[in-house]
There are 2 protein chains.
Amino acid sequence: MDTSKQNTASKILDALTSDIIQGVFPPGEKLQIKTLKDRYKVGTSPIREALSQLIAKDLVVSENQKGFYVSNISIDDLTDIYQARSKIEGLCLDMAIKKGGDFWESKIIAASHLLAKYSKSENIDMDEWQNRHFSFHEALVSGCNSPRLFQIRQSLYEKSTRYRNLWLQENVTNYERLQANQNEHVALMVLVLERDSMPAQKLIEAHIMTPVEIIKKNLP
Amino acid sequence: MDTSKQNTASKILDALTSDIIQGVFPPGEKLQIKTLKDRYKVGTSPIREALSQLIAKDLVVSENQKGFYVSNISIDDLTDIYQARSKIEGLCLDMAIKKGGDFWESKIIAASHLLAKYSKSENIDMDEWQNRHFSFHEALVSGCNSPRLFQIRQSLYEKSTRYRNLWLQENVTNYERLQANQNEHVALMVLVLERDSMPAQKLIEAHIMTPVEIIKKNLP
DNA sequence: TTTTTCAATAATGTCGACATTATTAAATTA
DNA sequence: TAATTTAATAATGTCGACATTATTGAAAAA
């Protein structure tokens with residue numbers, strides 16, 4: 001992303017988001033203004049503005065006069081986020097199947113090819129696999145054509161990131177798990193291209209819920 | 001709401017939100033920091049913090065070094081928001097029907113009574129009617145039991161407020177329209193209490209989309 | 001020893017001044 | 001006269017200082 005045109009608060013927002021998601025600041029940790037000022041070498045205002053926006057993203061919580069803390073994670077929260085995600089994804093997919101055209105179909109086929117090819121390769125880089133996985137799912141719902149639903153989908157995806165990281169490692173290193181995952185992707189594509197709406201919706205909902213049990217085991 | 005424990009930024013956020021929704025600052029209007037400082041009698045920081053959060057609410061947009069503006073409204077945006085709202089409400093209702101218990105049922109019946117009674121009265125106060133209408137719909141979905149979906153629902157409701165104000169006036173002053181509206185509420189309650197999920201979902205979706213056409217006519 | 005009170009410390013939240021950037025208006029040139 | 005450049009003006013964005021509030025730890029009382 002081009003950071004040159006961003007103001008300081010935006011840059012701090014990106015950096016802080018990344019640091020929280022990557023675990024530099026773990027769940028529950030206090031975020032002292034002074035510490036953040038030193039770390040990012042900026043003044044008070046941009047820090048507070050960035051924190052304001054992180055509260056809206058649910059990555060940070062604050063209490064008046066008591067400061068800012070990284071949001072806690074929990075099994076309840078994990079379950080709720082993934083359930084909401086699966087329902088929203090199902091909604092978007094259903095709308096996409098009803099509205100999508102030729103161009104949409106071709107995007108799905110292209111993204112599916114990229115993901116399938118990479119999932120078969122020898123040494124899988126987690127970031128690259130994640131990129132292709134993300135693109136495939138985005139292609140599926142891209143026909144839905146509702147900015148707001150997309151925004152909600154995007155926002156839930158971000159909120160799930162801290163949990164997803166607990167699953168990714170296992171998914172790409174465990175061969176059987178990756179194959180099962182990949183089989184679902186193929187089945188999903190077939191259903192979608194056949195415009196078989198209800199089964200596709202049910203499958204995507206189950207597909208998104210799959211990691212939940214694995215993550216539960218890895219949760220602190 | 002108790003404002004005494006809020007910090008200045010929170011108070012400004014509430015005031016600004018209200019002023020934008022009520023039309024004190026109409027869509028597209030520039031929000032000059034200096035003007036806002038004078039209006040609310042506070043310094044720069046709380047203003048900027050509140051504006052940061054309003055951006056997350058989609059009520060304000062900003063460009064680096066060019067300032068802040070009230071978000072524009074448009075027919076496309078109206079349609080998209082209401083469509084997303086209707087789908088999310090359908091989702092919540094479906095989940096509520098599957099999960100709700102006795103207490104949930106009783107809340108619906110109570111809220112329905114309050115709304116029905118007031119809808120029949122002589123002089124209808126718009127705010128009071130809106131309160132009861134809101135409570136009824138909230139009761140319907142209250143069994144859904146997903147904090148995230150509720151938060152999304154709430155957020156979409158807020159985003160639709162500027163449009164909804166263009167419909168409310170007409171809905172409560174036009175007798176026929178109010179009766180038709182009220183008939184839908186009753187039908188909705190019956191379906192929900194019979195746990196007839198699919199028809200209930202379809203009806204709530206249509207119910208929420210009803211104002212769209214009326215609002216389109218009243219849009220500037 | 002435990003509890004309570006009170007002072008010292010440290011953090012947050014707010015403000016106005018200053019530096020940076022965009023916009024507007026005037027002046028110069030073609 | 002129209003277009004371009006340049007200067008002025010005005011707005012945004014950032015910072016560090018100050019006031020306010022919470023927390024911590026020591027001293028006194030039970």
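Lettering of chains follows the sequences in order, A, B, ..., and the numbering in each one begins at 1. These values consider heavy atoms only, across backbone and side chains, with no hydrogens, waters or symmetry-generated copies.
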Quick one, B/His137 and B/His207 - any side-chain contact, counting heavy atoms below 4.5 Å?
yes
Any non-hydrogen side-chain atom of B/Met189 less than 4.5 Å from a side-chain atom of B/Val192?
no
For B/Ser10 and B/Asn7, does a side-chain donor sit closer than 3.5 Å to a side-chain acceptor?
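Side chains of B/Ser10 and B/Asn7: pair found under 3.5 Å.
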Here DNA chain D, pairs taken as Watson-Crick or G-U under 3.5 Å and shown with ( ), [ ] when crossing and | when to another strand, reads ||||||||||||||||||||||||||||||
What's the separation between atom CG in B/Leu114 and atom CD1 in B/Ile109, rounded to the nearest 0.5 Å?
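Taking CG in B/Leu114 and CD1 in B/Ile109, the distance rounds to 12.5 Å.
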Per salt bridge (Lys or Arg N to Asp or Glu O under 4.0 Å), B/Glu158 is matched among B/Lys57, B/Arg85, B/Arg153 by B/Lys57
Tell me if the NZ atom of A/Lys34 is crowded by more than 12 foreign heavy atoms within 6.0 Å.
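No, not enclosed.
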Reading nucleotides 9-20 of chain C from the 5' end, what letters show protein touch, with B for base, S for backbone sugar-phosphate only, - for no heavy atom under 4.0 Å?
--SSSBBB----
Is the Lys NZ or Arg CZ of A/Arg48 less than 6.0 Å from the centre of A/Phe68's six-membered ring, within 45° of the axis?
no
